[in-house]
Amino acid sequence: MVLSNNDACVIARSAEAKKLGIKMGDPFFKMRALFEQHKIVTFSSNYALYADMSTRVMTVLEEMSPAVEIYSIDEAFMNLQGVSNCKDLEEFGREVRAKVLQWTGLTVGVGIAPTKTLAKLANYSAKKWTKTGGVVDLSLAGRQRKLMALVEVGEVWGVGRRISKKLNDMGIKTALQLADTPTPLIRKHFNIVLERTVRELRGEPCLELEEFAPTKQQIVCSRSFGDRVSEYDLMREAICSHAVRAAEKLRGEHQYCRHISAFIKTSPFAVNEVYYGKTAGTKLQIPTQDTRDIVAAATKCLDAIWQDGHSFQKCGVMLGDFYSQGVAQLGLFDEYQPRSNSEQLMAVLDGINHSGKGRVWFAGQGVQKSWEMKRQMLSPAYTTRFSELMRVKL
DNA sequence: TCTGGGGTCCTAGGACCC
DNA sequence: TCTGGGGTCCTAGGACCC
């Protein structure tokens, strides 16, 4: 099993763990006994490893199809237009699976269909029914309907807990029933998003393949603390560190931001204390990508919401209102002194930090970082750190 | 003792513009 | 006595995704 950050919740389970009734999102501490009893092996999240393996898998997919949309760290959509002229699609699916397995050692499921929503459904069934061999082709309408009749409506992509409940109350229990619901009725009780889902289930494409990731609208850096934080100085270090990371991400996107906010919160689960959670935001005169501006704004926001006497569980920094250049229309009477060499300084900073030879940081980030998250069962960075390469004995 | 992190889209309502 | 028509932008809240 794999745990979320801070070794807090279950986020990935093997088939054996699922059989024991362990659910996605279950808090780890509540189940220690069960874990020990069944000798379940657990790992802290290791995103450096997952991201690297993800890139390898995506590279294989990109080699096999002219257009690939990387949808998440472990999912992608491939455009198979034209492939069906050359070969059977199910056979193609098996080739994808075999090549990914051979080149990365990872097992993937393949779902094939005329729309993204149906392809997700095909993928779901490829995973659920092992006798499919991990590949399901839903090109034919007859097969689509046969499968949809077996699938609960809540399994459909875009149908979450709330909508699922509302649909059930209306008597719509299966994916097929949803597909057969007239769109005006859907529009009356829901919105355009669900209407698209319904149309997609009928085989009418409403969602395009997004080959190139659109530019971000928001950047969030936040973490729960390993131990609760009640001192201002520690909180300031954490806010400062998140601000620094957020600024790095912003420059990675080649963007400038005007809106910066910070939030702090106590645990929503603590029973014997009053919940305290607040956000403060600020808008700069000129868009920036300079860590110094972002740190200054974030700490100013923190000062506006800080309160002594709480045991804080989490904090974060958010960036928004992006521009592709660091310019904006000033007011006629605004006085503004631009920083000189800001871009160059940030480029040097990022250059050093990406070089692998060392890091420079801002004093405000602190040194001890006693507030950092827990990762007590971390797997080695097998593929991204020489000292942790896997050793094989011959 | 202990409950993740990072995103998107849509809608409604209010403020404001000409 | 009577008070239009057509827009934009912003924000908050609700839903969803992995």
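We name chains A, B, ... by the order of the sequence lines, and we start the count at 1 in each one.
Atom-to-atom, CZ of A:Arg32 to P of B:dC2 comes out at 12 Å; the value is rounded to the nearest Å. In this structure, A:Met377 places its CE atom 11 Å from C1' of B:dC2, rounding to the nearest Å. Computed from coordinates, the A:Leu207 CG to C:dC17 P distance equals 13 Å when rounded to whole Å. Regarding A:Glu273, its CD atom lies at a distance of 8 Å from the P atom of B:dC2, rounded to whole Å.
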Expected list for residues 101-114 of chain A: side-chain donor-acceptor pairs under 3.5 angstrom, two or more places apart:
from	atom 1	to	atom 2	distance (Å)
A:Thr104	OG1	A:Val100	O	2.6
A:Thr104	OG1	A:Leu106	N	3.1

Which pairs of donor and acceptor atoms, one on a side chain in residues 239-249 of chain A, lie under 3.5 Å apart (sequence neighbours left out)?
from	atom 1	to	atom 2	distance (Å)
A:Ser241	OG	A:Glu237	O	2.9
A:Lys249	NZ	A:Val220	O	3.4

Side chains of residues 387-394 of chain A: which donor-acceptor pairs under 3.5 Å do they make with residues two or more places apart or in other chains?
from	atom 1	to	atom 2	distance (Å)
A:Glu388	OE1	A:Ala381	N	2.5
A:Glu388	OE2	A:Arg385	NH1	3.1

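A donor-acceptor contact shorter than 3.5 Å links the side chain of A:Asn6 to the backbone of A:Lys374. Distance alone, capped at 3.5 Å, places no donor-acceptor pair between the A:Gln177 side chain and the A:Ile172 backbone.
The stretch residues 68-79 of chain A comes close to DNA chain C through A:Tyr71, A:Ser72, A:Asp74, A:Glu75, each having a heavy atom under 4.0 Å from the strand. DNA chain C is contacted by A:Val156, A:Trp157, A:Gly158, A:Val159, A:Gly160, A:Arg161, A:Arg162, A:Ile163 of residues 150-167 of chain A, taking any non-hydrogen atom closer than 4.0 Å.
Every side chain to side chain contact (heavy atoms under 4.5 Å, CB included) that A:Ser4 has, sequence neighbours left out, goes to A:Ala8, A:Cys9, A:Ile11. With sequence neighbours excluded, the residues that form a side chain to side chain contact (heavy atoms under 4.5 Å, CB included) with A:Ala76 are A:Met58, A:Leu61, A:Val68. Partners of A:Phe35 under the ring pair (Phe, Tyr, Trp, His ring centres under 6.0 Å) rule, at least two apart in sequence or in another chain, are A:Phe28.
At a threshold of 4.0 Å, the pair A:Arg236-A:Asp303 does not count as salt-bridged, since none of the basic side-chain nitrogens sits closer than that to a carboxylate oxygen. A salt bridge is defined here as a Lys NZ or Arg NE, NH1 or NH2 lying under 4.0 Å from an Asp or Glu carboxylate O, and A:Lys30 with A:Asp26 fails to meet this definition. Using a 4.0 Å cut-off between charged nitrogen and carboxylate oxygen, A:Arg32 and A:Glu36 do not count as a salt-bridge pair. A salt bridge links A:Lys120 with A:Glu75; the closest basic N to acidic carboxylate O contact falls under 4.0 Å.
Side-chain rings of A:Phe77 and A:Trp157 approach one another, their centers coming within less than 6.0 Å.
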Reading nucleotides 4-10 of chain B from 5' to 3' and marking B where a protein heavy atom lies under 4.0 Å of the base, S where only the sugar-phosphate is that close, and - otherwise, the string is SSSSSSS
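Applying the salt bridge (Lys or Arg N to Asp or Glu O under 4.0 Å) definition to pairs two or more places apart or across chains, those involving residues 42-60 of chain A are A:Asp52-A:Arg56.
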How far apart are the C-alpha atoms of A:Arg196 and A:Thr117, what are their side-chain angles, what is the distance that settles it, and do they pass the side chain to side chain donor-acceptor pair (under 3.5 Å) test?
-> CA-CA 9 Å; A:Arg196 286 195 196 115; A:Thr117 306; over 6 Å; no
Filtered N/O pairs between nucleotides 12-16 of chain B and protein, under 3.5 Å:
none

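Stem analysis of DNA chain C (at least three stacked-register Watson-Crick or G-U pairs, each with both distances under 3.5 Å) gives B:5-18 with C:5-18.
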